[in-house]
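Notes follow the structure.
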Amino acid sequence: MGLKEVLKQKIDAHRPRTTRLLKEFGNVKLGEYTIEQCIGGGRGIKSLVTDISYLDPMEGIRFRGYTIPEVMEKLPKPDGKDYPYVEGFWYLLLTGDIPTKAQAEEVVADFKTRAQVPQYVFDILRAMPRDEHPMVMFSAAILVMQRESKFAKFYNSGFNKMTAWDSMYEDATDLLAKLPEIAAYIYRMKYKGDTPIAPDYSLDFGGNFAHMMGIKPPYDDVARMYFILHSDHESGNVSAHTTHLVASALSDAYYSLSAGINGLAGPLHGLANQEVLGWIQDVYQKLGGKVPTKEDLVKFLWDTLKSGAVIPGYGHAVLRKTDPRYTSQREYCQKYLPNDELFTVVSMIYEVAPGILQEHGKAKNPWPNVDAQSGVIQWYYGLTEYDFYTVLFGVGRALGVLANITWDRALGYAIERPKSVTTKMLEDAAGIQ
Ligand code: CMX
């Protein structure tokens, strides 16, 4: 028998042990935590500290203590715009203080001095197969810039724990300032006939991104809103946790963010936003292009669940109500694109999916998360290439995770190293002979 066949037999024999432990002995304690928490991805185990954001299961996210509406209202905005400077939001995440307009504009000016992307990044992107997923391109572009790391140079020239945050801050800011151009370059190269648009450094983060994407205002405001909403969701989610974990080994921001972006690319995490649009397109295709009715959606939702797949954009590991990031985007749609067809379909899903998930009886949270709504706005402004949506999420997520690892170094957090146990040890704890 070959290796793979032997492995299959071992897996088949082992699975019932894990299933039994979860089903019959999930509540058995291992010290302070249970077998279910140990096997089930560490849900609810308090082992991370962050002050950048906090996720309340019922209220949703607060950034530095501020709700989403408060952030949008209090932060300074570019003249004539409805959404705040992303740079001012970076100031808030790092310091906990709402910046004045002058302070935010100082960060805008600082970003411009760091924004130029090295030519070799474009060369590497161009050398990649064009059908590579844009998240692969985005992650590779971040990683390849590691040679620029000031933190790595600082480490090699005699590391000091007390001042390590300084070069981490420099790397984090250098990286952030370059992400809009990298993302827009990937987009224009891959989907728009290889027609990159040069940056306009007179514009802020959101404005320049919209300009380089080739999408007219108010897309600049959409970009500002989108990046802020997707920035952070406390520390336990896959992208934030991965970035923190890798940085805990004193890897620099380039290694750490690239790793976090790879985690964001998972369909149960950030990729769910493209999955939502893919799922809706599938519905259209199966109906021969017809706009689905509520009855059609009910049928397709059940078909999805019966096939064993998840309903993308619904459910959450921590939240137990509609995600305020979903609500915020929904309010944008109600104001600016109330009659949009895709918005109507997504709203219909919102009417039926929670009830179906409740009836299905598995998901602890039947309500939509951030990913259920985000494609609608992008699609409306012409960004219909939905496999790019997770890159947008990644640019936003960089704000939160980079603020976190700057503070990780400031506080000298330890290298992460939780303890593992064997299945046999769990069976012993459960009293299984
Ligand atoms: N559709 C169908 N089943 C779902 C479901 C959904 N949307 N959400 C959860 N479930 C299922 C789980 O797969 C799990 O089934 P098993 O017991 O067979 O493994 C069961 O319900 C219990 O899961 P849970 O405790 O409610 O949720 P988890 O913490 O395990 O997972 C999440 C959370 C987000 C991965 C899950 O809800 C999911 O897969 N949602 C769809 C994908 C998605 O939208 N992801 C984006 C999340 C936001 C983000 O990170 O970007």
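Numbering starts at 1 and runs along the sequence shown. Ligands are counted one by one from 1 in listed order, and the atoms in each one are counted from 1 as well.
Residues M145 and I182 share a closest heavy-atom pair of CE-CD1, 3.5 Å.
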One line per pair, note the atom names and distance for all nitrogen or oxygen contacts under 3.5 Å between ligand 1 and the protein.
residue: ligand 1; atom: 1 (N); partner: I311; partner atom: N; Å: 2.8
residue: ligand 1; atom: 7 (N); partner: I311; partner atom: O; Å: 2.9
residue: ligand 1; atom: 7 (N); partner: Y314; partner atom: O; Å: 2.7
residue: ligand 1; atom: 18 (O); partner: K362; partner atom: NZ; Å: 2.7
residue: ligand 1; atom: 21 (O); partner: K362; partner atom: O; Å: 3.4
residue: ligand 1; atom: 21 (O); partner: A363; partner atom: N; Å: 3.2
residue: ligand 1; atom: 25 (O); partner: K364; partner atom: NZ; Å: 2.9
residue: ligand 1; atom: 26 (O); partner: K364; partner atom: N; Å: 2.7
residue: ligand 1; atom: 29 (O); partner: R43; partner atom: NE; Å: 3.0
residue: ligand 1; atom: 29 (O); partner: R43; partner atom: NH2; Å: 3.0
residue: ligand 1; atom: 30 (O); partner: R43; partner atom: NH2; Å: 3.3
residue: ligand 1; atom: 40 (N); partner: Y314; partner atom: O; Å: 2.8
residue: ligand 1; atom: 44 (O); partner: G313; partner atom: N; Å: 2.7
residue: ligand 1; atom: 44 (O); partner: N369; partner atom: ND2; Å: 3.0
residue: ligand 1; atom: 45 (N); partner: L268; partner atom: O; Å: 2.8
residue: ligand 1; atom: 50 (O); partner: H269; partner atom: ND1; Å: 2.5
residue: ligand 1; atom: 51 (O); partner: H269; partner atom: O; Å: 3.3
residue: ligand 1; atom: 51 (O); partner: D371; partner atom: OD2; Å: 2.6

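Checking side-chain atoms of N404 against main-chain N and O of G400 turns up a donor-acceptor pair under 3.5 Å.
Between K192 and E385, at least one side-chain nitrogen of the basic residue sits less than 4.0 Å from a carboxylate oxygen of the acidic one, meeting the salt-bridge criterion. Salt bridge annotation for D220-K81: present, with a cationic side-chain nitrogen under 4.0 angstrom from a carboxylate oxygen.
Within the structure, every pair that satisfies the side-chain hydrogen bond (donor to acceptor under 3.5 Å, both in side chains) test and touches residues 253-266, not counting sequence neighbours, is listed here: S139-S258, S139-N262.
Side-chain contact of N237 with S239: a donor-acceptor pair under 3.5 Å is present, judged by distance alone.
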